[in-house]
There are 2 protein chains.
Amino acid sequence: MNDLRPPAEDRPVAPGIPEATVARLPLYLRALTALGETGLRTVSSEQLATAAGVNSAKLRKDLSYLGSYGTRGVGYDVEYLRYQIAREIGLNEDWAVVIIGIGNLGQALSNYGGFRSRGFRIVSLVDGDPARVGEQHGDLVIESMSDLDRIVKENDISIGVIATPGDAAQGVADRLVSAGVTSILNFAPAVLTVPSGIDVRKVDLSIELQILAYHEQRKRLPGEVRS
Amino acid sequence: MNDLRPPAEDRPVAPGIPEATVARLPLYLRALTALGETGLRTVSSEQLATAAGVNSAKLRKDLSYLGSYGTRGVGYDVEYLRYQIAREIGLNEDWAVVIIGIGNLGQALSNYGGFRSRGFRIVSLVDGDPARVGEQHGDLVIESMSDLDRIVKENDISIGVIATPGDAAQGVADRLVSAGVTSILNFAPAVLTVPSGIDVRKVDLSIELQILAYHEQRKRLPGEVRS
DNA sequence: TAGATTGTTAATCGATTAACAATC
DNA sequence: TAGATTGTTAATCGATTAACAATC
């Protein structure tokens, strides 16, 4: 509803690292991990950029926000740069995560190996349907929404993942925030309103398909020039 | 192949809608659908922007790329604007989709209601594991990778969704492209290389969490400027 | 008409990119 | 030193935003 937050320039802002760069650091991290597993010790910006799917100028610019971790004429030490990026993102810490809404998507997320391997630990599954409470999923048991406050506090959870239907999402977000969660990853098709200081990121599966459909449609238009 | 497209003058002719605008059209569409269901007939840019989670200047700028569909002093007709945006995206057509990789995520995607309701029809589930072929999921049966070519051609599929492990993704992408698919939505943690003219969009679940972790970490840094 | 609100302009902001001096 | 490659500059490109003339 009303955005009561102060103007953007008065809110905490990362010193120096642009948002677009932050969003690419995980790509570099993954590429470095893969390259490291091949035994490569040193990598040039050209090689690393190719592995990450960006161009080398952008990569060097991005890395320059973190510091000078390369050696001119040589390149970057794979393991050292990997460590520096992981530290910058915060992956040397362990992050406790709760997933709310254990439908197909919630179950898929709870089984997703890419989370645990990067320091994210799913410590609780919660569902608003009392009939689902008690269900075993892997080594977790679905818990009740009424226990959310205790769950967040006991596990020091700062990240909540919402995988509910759209109309339940705002209520769940409110509950998460009041329990103390300060970062939310939202898979529900809904616009969330949260207090200042709470970060929300949204993943909308159908929006991605719609963007593809737009471009697909344009490919089919005759007489269009595509770049 | 019959050309079932509407006459040229009914199709979008906008030469270049900025990518950032294209990515927001689905948000406006969803907001308009929700507002329409409340019985609202007319909406101002201010109201619609709030419902979609953007500011009104951006909304009006975005809509101006589509044409002049509003009335000064009045606002936008909800149903008319909804139709125009759906047409612009291409949602008045029916898009056949194949999902490859029927693990937890692939199953979640195949059950996701947000696809069908927007004109995306999942016509086939494919898995590279022969032991999975024949499994029933809803009204679909898992098919074999060796049938992919036939499946794509028989169903006129232009969009493929990759939900395999990362190391299988490039091979699947190659198969999709050679079968004739020209748009790919990739959920696998891998950088895909495709020929020019093929659109790839990537959804990386762990990257979203990593971006949240970065900001979460910064909230916890002492001595940060948080005026 | 008077009030409301769009559509557009222009300024600003942020991201990308090529080029190359610095330097290993 | 000679070759290689980073880190940085500066130009360009694209997106955002406030403001307001146009106009219903």
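Chain letters run A, B, ... following the sequence lines, proteins first, then strands; residues in each count from 1.
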Q: Starting at atom OH of A:Tyr76, determine the distance to atom C1' of D:dT5, rounded to an integer number of angstrom.
A: 9 Å
**Q.** Candidate nucleotides C:dG7, D:dT17, D:dA15, ranked by approach to the side chain of B:Glu19 - the nearest
**A.** D:dA15
Q: Counting Watson-Crick and G-U wobble pairs only, both distances under 3.5 Å, name the nucleotide matched with C:dA22, or none.
A: D:dT5
Q) Starting at CG of A:Leu59 and ending at P of C:dT16, how long is that distance when rounded to a whole Å? A) 12 Å
Q. Of the nucleotides D:dT9, D:dA18, C:dC20, which has the atom closest to the A:Arg60 side chain?
A. C:dC20
Q) For A:Pro18 and A:Gly73, take the nucleotide of DNA chain C holding the closest heavy atom to each; which residue's nucleotide lies nearer the 5' end? A) A:Pro18
(Q) For a quick check of understanding: with a heavy-atom distance under 4.0 Å over all strands, which category does B:Ala20 fall into, base, sugar-phosphate or nothing? (A) sugar-phosphate
Q) Starting at CD of A:Gln47 and ending at P of D:dT5, how long is that distance when rounded to a whole Å? A) 8 Å
Q.
Base, sugar-phosphate or nothing for A:Glu46? Non-hydrogen atoms, less than 4.0 Å.
A. nothing
Q: Take the protein atom OH of B:Tyr69 and the nucleotide atom P of C:dG7, then report the distance between them rounded to whole Å.
A: 11 Å
Q) Can you check the A:Gln84 CD to D:dG7 C1' distance for me, whole Å? A) 16 Å
Q.
Closest approach to the side chain of A:Arg72, judged atom by atom: which nucleotide of C:dG7, C:dT23, C:dT17 is it?
A. C:dT23
Q: May I ask you to check whether A:Thr50 and A:Glu46 show a side-chain donor-acceptor distance below 3.5 Å?
A: no
**Q.** CZ (A:Arg87) with more than 12 external heavy atoms under 6.0 Å
**A.** yes
**Q.** Distance in angstrom units between B:Ile17 CD1 and D:dT16 P, rounded
**A.** 14 Å
(Q) Closest approach to the side chain of B:Lys61, judged atom by atom: which nucleotide of C:dT17, D:dT17, C:dG7 is it? (A) D:dT17
(Q) Is B:Ser45 close enough to C:dT5 that one of its side-chain N or O atoms is under 4.0 Å from OP1 or OP2 there? (A) no
